[in-house]
Chemist: 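Before I ask anything, let me first share the structure, which is written out below as structure tokens.
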Amino acid sequence: MNTYTYEKSQSLFKRAAKVIPCGIYGHLSPAPLVPPTDYPFYAAKASGSKFWDVDGNEFIDYMCAYGPMVLGYNNPIVEEAAEKQRKLGNCITSPSPVMVDLAEYLVNLISIADWAFFAKNGGDATSFALMIARAATGRAKAILIKGGYHGVSPWAQGPGHHGVTDEDVKNNIYVKWNDISQIEEAISDNPKQIAAFMATPYHHPAFTDSEMPGDGYWQKVEQICKKEGIVLIVDDVRCGFRLDMRGSNEYFGFKPDLICYCKAIGNGYPISALVGKDYLRNYAAKVFYTGSYWFSAVPMAAALTTLKELERINGPDIMIKLGKKLTDGMTEIAKTYGYNLKVTGVPSMPSIYITDDESLMLHQDFCAACTKRGAFFTSHHNWFISTAHTDEDIQRTWDIVEDAFKAIKKK
Ligand SMILES: Cc1ncc(COP(=O)(O)O)c(C=O)c1O
């Protein structure tokens with residue numbers, strides 16, 4: 001099997017490094033792509049489950065733009081809806097009717113939702129959720145999970161990060177995932193001071209396995225929050241619409257007060273949402289929160305169509321089945337070459353690590369070897385499945401995985 005080279009990506013990156021801090025910043029930075037020489041840095045185009053880099057290499061994309069791509073790149077139904085709205089108008093002095101249509105749709109779809117609010121990024125939704133919880137309770141502190149991710153606002157980055165002050169994070173209390181006693185301790189140490197508990201539906205930290213909620217964990221958290229008057233916030237930015245269309249909380253059987261969405265909601269169009277229970281509506285109205293592009297109608301039209309299509313085809317079910325098929329097959333192939341693949345998380349966004357080497361060197365080698373053969377895998381983050389991935393993609397990926405293991409074994 002031929003392996004790819006990336007001359008054009010590398011020369012673009014050299015130009016970028018002179019005019020853009022970091023060259024490529026944030027989650028698309030080459031820093032965690034090890035070795036960077038085995039990865040593309042710039043995409044030329046994308047369609048369905050695939051993208052092509054600037055060197056003309058084709059990849060089956062298992063990162064899906066880190067989540068937003070859910071129905072396939074350039075999905076014709078979503079693009080048609082976006083185009084129709086674009087012709088009418090996008091960023092206008094007054095909001096467009098599609099904003100009301102989308103809010104009504106979400107309120108009907110999401111089991112706990114009595115209202116919906118729109119912004120651009122996941123971090124807009126998590127920060128707004130926290131502000132609403134503070135406005136509603138008159139309290140300042142928030143319980144968060146160690147190793148959780150809620151965006152790049154100073155409060156969300158945590159202590160010790162560049163540009164973050166102690167003041168920014170002084171109201172955060174970090175507890176271990178799945179540990180009820182630490183939540184109880186935090187509450188008894190800070191009586192009537194905790195505004196919110198915020199967590200993802202299951203724990204999906206970087207560089208390690210994902211962890212499901214233990215039996216009764218969420219039900220107990222819900223009960224404690226109710227009793228203590230704490231606003232229960234689910235950050236569904238990453239899992240949203242890949243587990244359950246009614247909210248990932250339904251997948252685990254509990255009811256939060258606020259749910260944050262982004263990523264899959266618009267199939268790549270820039271939009272995020274916060275939905276909430278009725279009792280928080282007035283607080284959501286009182287907090288001043290807005291942005292230059294938050295009323296843009298094209299992403300709203302794209303989101304409405306994305307959600308309708310995901311619901312029509314039962315997108316989460318398709319992605320869960322495809323993810324299970326892919327990872328079961330990969331695990332079998334790994335075994336025949338004497339390696340152990342550990343798969344955690346929900347199969348529509350699996351975390352996969354080779355367990356035979358704790359240093360992650362072998363795992364990084366494996367992901368890089370697959371990527372330069374055409375299956376884009378990262379070694380530090382959960383992967384994403386879309387409804388556009390096909391059985392043919394999976395078969396091709398298995399062939400790539402087999403060839404990668406052969407090469408690694410030889411090395
Ligand atoms: C669970 C979770 N919350 C919040 C965010 C922040 O979203 P954004 O980068 O769109 O601000 C992310 C992004 O990866 C996420 O995975």
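All ligand and atom numbering here is 1-based and tracks the order in the structure.
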Chemist: Identify the protein atoms, limited to N or O, that lie within less than 3.5 Å of an N or O atom of ligand 1, and list each pair with its distance to 0.1 Å.
Modeler:
residue, atom, partner, partner atom, Å
ligand 1, 3 (N), Tyr149, O, 3.2
ligand 1, 3 (N), Asp235, OD1, 3.2
ligand 1, 3 (N), Asp235, OD2, 2.6
ligand 1, 10 (O), Gly122, N, 2.7
ligand 1, 11 (O), Gly122, N, 3.3
ligand 1, 11 (O), Gly123, N, 2.7
ligand 1, 14 (O), Lys263, NZ, 3.2
ligand 1, 16 (O), Arg238, NE, 2.9
ligand 1, 16 (O), Arg238, NH2, 3.2

Chemist: Which residues pass the side chain to side chain contact (heavy atoms under 4.5 Å, CB included) test with Lys325, sequence neighbours left out?
Modeler: Asp391, Ile394, Trp398
Chemist: Is Tyr279 atom OH crowded by more than 12 heavy atoms from other residues, nucleotides or ligands, each under 6.0 Å away?
Modeler: yes
Chemist: Could you label the plane-to-plane angle of the Tyr6 and Tyr4 rings as parallel, tilted or perpendicular, counting under 30° as parallel and over 60° as perpendicular?
Modeler: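 Tyr6 vs Tyr4 ring planes: perpendicular.
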Chemist: Ring centroids only, cut at 6.0 angstrom: are Phe51 and Tyr73 within range, meaning strictly under it?
Modeler: no
Chemist: May I have the list of side-chain donor-acceptor pairs in residues 26-40 shorter than 3.5 Å, sequence neighbours left out?
Modeler:
residue, atom, partner, partner atom, Å
Ser29, OG, Ala31, N, 2.9
Tyr39, OH, Phe377, O, 2.8

Chemist: Please enumerate all residues that pass ring pair (Phe, Tyr, Trp, His ring centres under 6.0 Å) together with His389, with sequence neighbours excluded.
Modeler: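 Residues passing ring pair (Phe, Tyr, Trp, His ring centres under 6.0 Å) with His389: Tyr62.
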